[in-house]
Amino acid sequence: MIWFTSDPHYNHKNLITGLSAWEDKTGCRDFQTLDEHNDMLVNNINSVVAKDDTLYVLGDWSFGGFRSIRDFRERVQCENVILILGNHDHHIRTNRENCRDLFQGVHEALQITVEGRIINMFHYSCRVW
């Protein structure tokens, strides 16, 4: 199977209602702790994406540097994770060499064909196509 997701924001405390320093929390995720948020991300992915599936993640993998990047990746059971870089993936973007063992590929954008359909993947929205 092929799966697509975006913006997991693993370890991003400002997105968590119980931890956010933001004044307006309407866009926050409804968790009280970072562990609760991170566990839900991992459990949701692992409950549907099998070890031999392919998972495309369209940006914003995690926060907190390489330890966070590696921790999240090691918790996801899927062996074929391909990352399309997002605006919060600067640690991965500038140090791709350190991430070779974590992802099957790391791209700014990617085009694939699935069952005869072309799929263009970006983290950023395309205002005009």
Closest non-hydrogen atom pair between N80 and K51, with its separation: ND2-O, 4.3 Å
Closest approach of K13 to L19 (non-hydrogen atoms, all atoms of both residues): O-CB, 3.6 Å
Rounded distance [0.5 Å steps], [atom1] in [X] versus [atom2] in [Y]:
{"X": "E74", "Y": "L102", "atom1": "CD", "atom2": "CG", "answer": "7.0 Å"}
{"X": "I92", "Y": "R73", "atom1": "CD1", "atom2": "CZ", "answer": "11.0 Å"}
{"X": "H90", "Y": "N95", "atom1": "NE2", "atom2": "CG", "answer": "9.5 Å"}
{"X": "N38", "Y": "S62", "atom1": "CG", "atom2": "OG", "answer": "9.5 Å"}
{"X": "Q104", "Y": "C78", "atom1": "CD", "atom2": "SG", "answer": "8.5 Å"}
{"X": "I2", "Y": "I119", "atom1": "CD1", "atom2": "CD1", "answer": "7.0 Å"}

Whether W61 and F72 hold their rings parallel, tilted or perpendicular, with breakpoints at 30° and 60°: tilted
Are [X] and [Y] close enough that some pair of their side-chain heavy atoms sits under 4.5 Å apart?
{"X": "I16", "Y": "T33", "value": "no"}
{"X": "Y10", "Y": "D71", "value": "yes"}
{"X": "C28", "Y": "L15", "value": "no"}
{"X": "N14", "Y": "F63", "value": "no"}
{"X": "H123", "Y": "D7", "value": "yes"}

Pairs satisfying salt bridge (Lys or Arg N to Asp or Glu O under 4.0 Å), at least one member in residues 21-39, at least two apart: D39-R75
Pairs meeting criterion salt bridge (Lys or Arg N to Asp or Glu O under 4.0 Å) with involvement of residues 100-119, two or more places apart: R70-D101, R93-E108, R96-E108, E97-R100
Derivation of the side-chain contact (heavy atoms from CB on, under 4.5 Å) call for I118 and Q111: CA-CA 7 Å; I118 296 171; Q111 182 182 79; 3.4 Å; yes
Side chain S47, main chain N44, donor-acceptor under 3.5 Å: yes
Do [X] and [Y] land in one hydrophobic cluster if side-chain heavy atoms of ILVMFWY residues count as linked below 4.5 Å?
{"X": "V49", "Y": "V76", "value": "yes"}
{"X": "I82", "Y": "F122", "value": "no"}
{"X": "L58", "Y": "V114", "value": "yes"}
{"X": "F66", "Y": "V57", "value": "yes"}

Within residues 37-56 or reaching into it, pairs that qualify as ring pair (Phe, Tyr, Trp, His ring centres under 6.0 Å) - sequence neighbours excluded: F4-Y56, F31-H37
side-chain contact (heavy atoms from CB on, under 4.5 Å) partner of V106, chosen from V81, I84, L85, D89: L85
